[in-house]
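Chain letters run A, B, ... following the sequence lines, proteins first, then strands; residues in each count from 1.
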Amino acid sequence: MDETVAEFIKRTILKIPLNELTTILKAWDFLSENQLQTVNFRQRKESVVQHLIHLCEEKRASLNDAALLDIIYTQFHQHQKVWDVFQMSKGPGEDVDLFDMKQFKNSFKKILQRALKNVTVSFRETEENAVWIRIAWGTQYTKPNQYKPTYVVYYSQTPYAFKSSSTLRRNTPLLGQALTVASKHHQIVKMDLRSRYLDSLKAIVFKQYNQTFETHNSATPLQERSLGLDINMDSRIIHENIVEKERVQRITQETFGDYPQPQLEFAQYKLETKFKSDLNGSILAEREEPLRCLIKFSSPHLLEALKSLAPAALFSRIQKLLCYSASHSQGTQDLSSYVPLYTRC
Amino acid sequence: MEQANPLRPDGESKGGVLAHLERLENQTSRSRKRSEAQAQERVLGTKIQKLRHLRDDPRAALWHRRGSVKACIANVEPNRTVEVNEQEALEEKLENVKAILQAYHFTGLSGKLTSRGVCVCINTAFEGNLLDSYFVDLVIQKPLRIHHHSVPVFIPLEEIAAKYLQTNIQHFLFSLCEYLNAYSGRKYQADRLQSDFAALLTGPLQRNPLCNLLSFTYKLDPGGQSFPFCARLLYKDLTATLPTDVTVTCQGGEALSTSWEEQRASHETLFCTKPLHQVFASFARREKLEMSLVS
């Protein structure tokens, strides 16, 4: 086994926390059950790693096997990377998409290998019709750098692919071209959507965020939600508050639904607007050109935060602001079309 | 003194007149005030009475109702059996209605009105087997739009909606039903092949999300010496459950004997005309027959 391959496998295994080690090794399916049973996983980590490297050497692990282990590690630790979303499009009147996985893999690899002599491409298919592609980049004269790979998750027979953001930006156009040609599309465009959470990105672009539907079978009665009112207050004031709170809850439920929101960390809007003023001679109102500003909302979980604003009665103000900004915004169109809040105006 | 005298009668009369006027003035103002106060008192009095009525009438009504409810409850006890029968009848009706609504699923297309439109449910089936259900939640507004849905990403929902949703909603729903039923049918065939006829396959079944390209290798006699066949099925029509193009080749075939060539050609025709799992079922039956003939 090549020294570089051994080093690569060693560094990958060292990254894996001990409690995940057996699961990941089983998913890798390179070392047999018998071999794994000979390892004492309760030792110190260095000893465990040494033993595993020894077993890999016995079985003559190749660079491809090592790359596969790296893919599996990344699949378990998706949140450590930031994912961009790319959308491809076909020309008009194109034939039906007869996607052939073998053909796709061959084509993709060939395009990259023709352009850059030194590149390592590995694939791993998952059950949800997605293929994880790992690319380690080299140049005409240097071997591929296995420690800074790019990952692409492509959902076949859809126009969407997710790419891990990397610092090596100069290879992005080539990657885009390889993906487009191999999947028989014409164009590829980067969407204004970025997140650590692949599942949330999927929910947004595939529009799968709400999977509850009304049927005649699901006649669940409206749940009594405690509105947290002070019982000692005058009952007439409580009544007034209840009406308002119920209205707010109904609007929140219609807008956000009952399902868990996709996890977004920030949303950015470009706003171009003119000011209206009652006072004559206001400088802002007299401007000929519209004002351009950038509004950014950020939070560890943006949509849940917005949803919880409703009971805090800040809802209508935020709604007005966002409706206004959405009707004037340019760019970030995909995000605004997703969040139903913004399409209600 | 005399000066005062003449003044006095005048003074008295003047004082008298003025004082009298003053007294009269005071009298009128006092009486005016009194009458005002009295009027106000009367107004307030009527207001108080009104408020009292407002407070007392509902109270009275409430008491009255409580009394009547108590009376009702007292009366109801002996009539319980009648009520129970009524309740059972209602429950039966409810069950009937629920069953009818469920039966709509078998028609393939059903729906339920929602607060903003309708939630359409498409139940797919193939060869009498009820398969997956898909939902499309429509908002009835101008323009008509899809709120959310459970249609898989690779079904061209947006294209169908762009063509038909605004102009002819029936056509939209039927077209979508076609695509979904065809997809379910193809998926069913591929799943059955993988699960029921794994013994005849010599390698894994290659498939894609839409199940419109299937590639596999199979042998008619699993333990035997014959060469395996390679089949490649293309379904270019996404509304069909049978392939449009079939290629069957024989692995390791240089010059194939005519019998193999005949078999190969007949397999191609079979795959084009019958569902996949049925073709394999016929292979399995033939194999069993041959085995029983040999032994």
Largest heavy-atom contact set with chain A, pairs under 4.5 Å, which of Asn212(B), Leu238(B), Leu213(B), Val151(B): Asn212(B)
For Gln166(B) and Leu144(B), indicate whether the former's side chain and the latter's backbone hold a donor-acceptor pair under 3.5 Å. yes
Select one option (side chain, backbone, both, neither) describing which atoms of [X] are under 4.5 Å from chain A's heavy atoms.
X: Glu158(B); value: side chain
X: Tyr104(B); value: neither
X: Leu210(B); value: both

Which side-chain N or O atoms in residues 121-132 of chain A pair as donor and acceptor under 3.5 Å with protein atoms at least two apart or in another chain?
{"residue": "Arg124(A)", "atom": "NH1", "partner": "Gln75(A)", "partner atom": "OE1", "Å": "2.6"}
{"residue": "Glu125(A)", "atom": "OE2", "partner": "Lys105(A)", "partner atom": "NZ", "Å": "2.8"}
{"residue": "Thr126(A)", "atom": "OG1", "partner": "Ala130(A)", "partner atom": "O", "Å": "3.1"}

Examine Phe229(B) together with His267(B) and report whether their ring centres are nearer than 6.0 Å.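 Yes, close enough.
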Listed once per pair and sorted, the salt bridge (Lys or Arg N to Asp or Glu O under 4.0 Å) pairs that draw on residues 197-219 of chain B, sequence neighbours left out: Asp191(B)-Arg207(B)
Is it the backbone or the side chain of Gln157(A) that comes under 4.5 Å from a heavy atom of chain B, or both, or neither?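 Both parts, heavy atoms under 4.5 Å.
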Would you mind checking if Asp56(B) and Arg52(B) are paired as a salt bridge, meaning a charged N to carboxylate O distance below 4.0 Å?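 No salt bridge links Arg52(B) with Asp56(B).
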